[in-house]
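Here's the structure, in structure tokens; my notes come after.
Order of the sequence lines fixes the chain letters, A, B, ..., with proteins taken first and strands second; residue numbering starts at 1 for each chain. No experiment lies behind these values; they were computed from the predicted model shown.
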2 protein chains.
Amino acid sequence: MARLSDIIEGFLKAMINDMDGYIEIQRNELANRFKCVPSQINYVISTRFTNEKGYYVESRRGGGGYITIRRLNTDSAGDYIMHIITSIGDKITQHSCEVFINNFVDYDVIDSREAMLMKAATSDKALVEVSPEKRDDVRAMILKNMLTSLTVI
Amino acid sequence: MARLSDIIEGFLKAMINDMDGYIEIQRNELANRFKCVPSQINYVISTRFTNEKGYYVESRRGGGGYITIRRLNTDSAGDYIMHIITSIGDKITQHSCEVFINNFVDYDVIDSREAMLMKAATSDKALVEVSPEKRDDVRAMILKNMLTSLTVI
DNA sequence: CAATTTGACTATCCCTGACTATTATAGTAT
DNA sequence: ATACTATAATAGTCAGGGATAGTCAAATTG
């Protein structure tokens with residue numbers, strides 16, 4: 001018997017395809033359609049529409065609330081970035097980080113303004129409050145997160 | 001259900017744009033136009049036209065009362081950014097950070113790609129290795145550093 | 001055991017209305 | 001005319017209800 005979460009996942013992916021990569025849903029409405037509790041929608045989203053799997057999710061509570069799901073770019077630039085991300089380890093020094101970022105500019109993955117932003121976010125100056133032992137880990141996470149965001153349309 | 005508050009916000013912002021950054025309205029008249037209670041105008045103003053977002057609001061009660069909204073002069077992006085940097089304290093939550101960043105897009109200080117980068121760099125996800133007690137401090141430093149880098153160009 | 005499903009509890013946002021505060025103006029007494 | 005008062009015409013505050021979505025851990029399933 002197919003699991004409901006898989007069915008909901010398929011439904012959402014079909015919908016995303018139909019809508020050219022971007023959908024807006026309401027949690028309660030979807031839960032009602034599939035006769036499940038609303039929190040199961042959260043479960044499906046958190047297990048199937050993660051950033052690693054190439055989706056970007058935003059939401060808003062309150063009256064008129066919603067959940068939006070955006071499929072990330074899967075073109076060659078996106079592939080290149082994904083490849084780079086996997087090649088970055090768990091730690092990275094400020095210097096290596098800058099080398100990476102400069103390369104991105106050379107390869108036209110980002111422009112010089114974006115490079116400034118990325119360098120600013122990953123500088124020792126920005127991370128001065130993080131203990132030196134952890135700084136390179138945090139820097140790696142920030143860099144990877146920024147790179148992932150670039151694959152969003 | 002569409003949110004009326006967002007519609008009123010959009011109406012006021014369009015009006016502010018048309019009027020070169022300064023408008024004067026009457027609360028009751030506006031409430032009547034949108035068929036809502038007058039206090040909803042206060043709600044919209046207090047949630048969307050805050051000082052942090054670069055608006056100055058003044059008002060007067062009684063006969064001939066009014067509400068005026070003035071938008072910070074954005075001719076100089078550098079000045080605007082400096083204003084924001086000084087208004088950011090030593091700590092900032094992910095949510096407030098996103099509000100700021102969305103506003104930079106609104107003010108044409110950054111584009112949507114740069115906004116994605118900035119949000120990625122300051123997300124809880126990127127800072128998961130930083131202890132929760134320090135996370136908001138680190139986030140504030142990263143945000144300020146990125147903003148400062150924008151003024152250099 | 002791992003993945004799924006459920007539901008109780010929490011968080012956030014919007015909208016409303018009753019009550020309060022302020023200001024201008026008209027009316028009145030001196 | 002001047003001073004005072006009453007009334008009308010504004011705007012502000014705040015607490016509560018309704019409409020969403022999020023979290024987390026227990027129960028269930030395969």
Side-chain angles (χ1 to χ4, degrees), chain A residues 1-13 15 23-53 55-70, chain B residues 1-13 23-53 55-70 92-100 102-103 119 123-125 128 132 135-136:
Chain A
M1 188 182 75
R3 285 154 305 195
L4 183 54
S5 287
D6 290 341
I7 296 172
I8 297 174
E9 173 189 7
F11 175 82
L12 289 175
K13 286 186 172 170
M15 196 171 162
I23 61 172
E24 176 175 321
I25 57 170
Q26 298 219 304
R27 192 181 74 151
N28 288 345
E29 186 195 324
L30 198 60
N32 192 54
R33 180 196 296 259
F34 289 102
K35 304 287 175 236
C36 63
V37 292
S39 58
Q40 183 155 9
I41 306 303
N42 295 87
Y43 176 72
V44 171
I45 287 175
S46 66
T47 55
R48 272 95 162 155
F49 293 89
T50 63
N51 221 294
E52 289 73 26
K53 295 187 177 175
Y55 294 91
Y56 184 72
V57 177
E58 289 179 305
S59 67
R60 184 166 174 174
R61 308 185 191 190
Y66 57 77
I67 298 174
T68 62
I69 306 177
R70 193 187 302 275
Chain B
M1 188 182 74
R3 292 163 300 261
L4 182 56
S5 288
D6 287 346
I7 296 172
I8 297 174
E9 172 190 7
F11 175 82
L12 289 175
K13 284 186 172 171
I23 61 172
E24 176 174 321
I25 56 170
Q26 298 220 305
R27 192 181 73 150
N28 288 344
E29 185 195 325
L30 198 60
N32 192 54
R33 180 196 297 257
F34 288 103
K35 304 284 174 239
C36 63
V37 293
S39 57
Q40 184 156 6
I41 306 302
N42 296 88
Y43 174 72
V44 171
I45 287 175
S46 66
T47 55
R48 272 98 162 151
F49 294 90
T50 63
N51 212 287
E52 283 193 342
K53 294 184 179 181
Y55 293 92
Y56 291 107
V57 177
E58 289 177 309
S59 66
R60 187 166 184 171
R61 309 184 190 190
Y66 58 80
I67 299 174
T68 62
I69 306 177
R70 185 157 42 92
I92 188 170
T93 64
Q94 173 176 356
H95 185 255
S96 305
C97 199
E98 287 184 357
V99 170
F100 273 118
N102 287 336
N103 230 52
K119 287 181 191 175
S123 69
D124 278 341
K125 204 175 152 209
V128 70
R135 201 169 290 159
D136 287 349

At less than 4.0 Å, is any side-chain N or O atom of B/His95 found next to OP1 or OP2 of D/dG22? Yes or no.
no

With sequence neighbours excluded, what pairs up with B/Ser39 under the side chain to side chain donor-acceptor pair (under 3.5 Å) test?
none

Separation of B/Glu58 atom CD from D/dG12 atom C1', in whole Å?
15 Å

Any donor-acceptor N/O pair, A/Asn32 side chain to A/Asn28 backbone, under 3.5 Å
no

For A/Asn28 and D/dG18, give me the distance from atom CG to atom P, rounded to whole Å.
16 Å

Whole-Å distance separating the CD atom of B/Gln94 from the C1' atom of C/dT12:
15 Å

When rounded to whole Å, the CD1 to C1' distance for the pair A/Ile8 and C/dT6 reads 13 Å

From CD1 of A/Ile67 over to P of D/dT23, roughly how many Å is that when rounded to an integer?
11 Å

Quick one: salt bridge (Lys or Arg N to Asp or Glu O under 4.0 Å) partners of A/Arg61, sequence neighbours excluded?
none

Would you mind reading off the bend of the helix from C/dC1-D/dG30 to C/dT30-D/dA1 from its two end axes, five pairs each, to 10 degrees?
10°

List in chain and number order the residues that pass salt bridge (Lys or Arg N to Asp or Glu O under 4.0 Å) with B/Glu9, two or more places apart in sequence or in another chain; answer none if no residue qualifies.
B/Lys13, B/Arg48

Spell out, as yes or no, whether a donor-acceptor pair under 3.5 Å connects the side chain of B/Lys53 to the backbone of B/Thr47.
yes

Suppose we screen for salt bridge (Lys or Arg N to Asp or Glu O under 4.0 Å). Which residues come up paired with B/Lys119, at least two apart in sequence or across chains?
none

Going 5' to 3' through nucleotides 17-25 of chain C and flagging B where a protein heavy-atom sits under 4.0 Å of the base, S where only the sugar-phosphate is that close, and - otherwise, we get B---BBBS-

Applying ring pair (Phe, Tyr, Trp, His ring centres under 6.0 Å) to B/Phe100 and not counting sequence neighbours gives none

Does A/Glu52 have any salt bridge (Lys or Arg N to Asp or Glu O under 4.0 Å) partners at least two apart in sequence or in another chain, and if so, which?
B/Lys125

Hey, does the side chain of B/Ser5 come within less than 4.0 Å of C/dC13's phosphate (OP1/OP2), counting only N and O?
no

Grab the CD-C1' distance between B/Glu24 and D/dT10 for me, whole Å please.
13 Å

Tell me: CD of A/Glu9 to C1' of C/dT5, nearest whole Å?
16 Å

In residues 41-52 of chain B, which residues come under 4.0 Å of DNA chain D by heavy atom?
B/Asn42

Applying ring pair (Phe, Tyr, Trp, His ring centres under 6.0 Å) to B/Tyr43 and not counting sequence neighbours gives none

Contacts of type side chain to side chain donor-acceptor pair (under 3.5 Å), residue B/Ser5, not counting sequence neighbours:
B/Gln40

Test of understanding: with ring pair (Phe, Tyr, Trp, His ring centres under 6.0 Å), list the residues that count as partners of A/Tyr56, not counting sequence neighbours.
none

Spell out yes or no: do the side chain of A/Arg27 and the base of D/dG22 have one donor N/O and one acceptor N/O closer than 3.5 Å?
yes

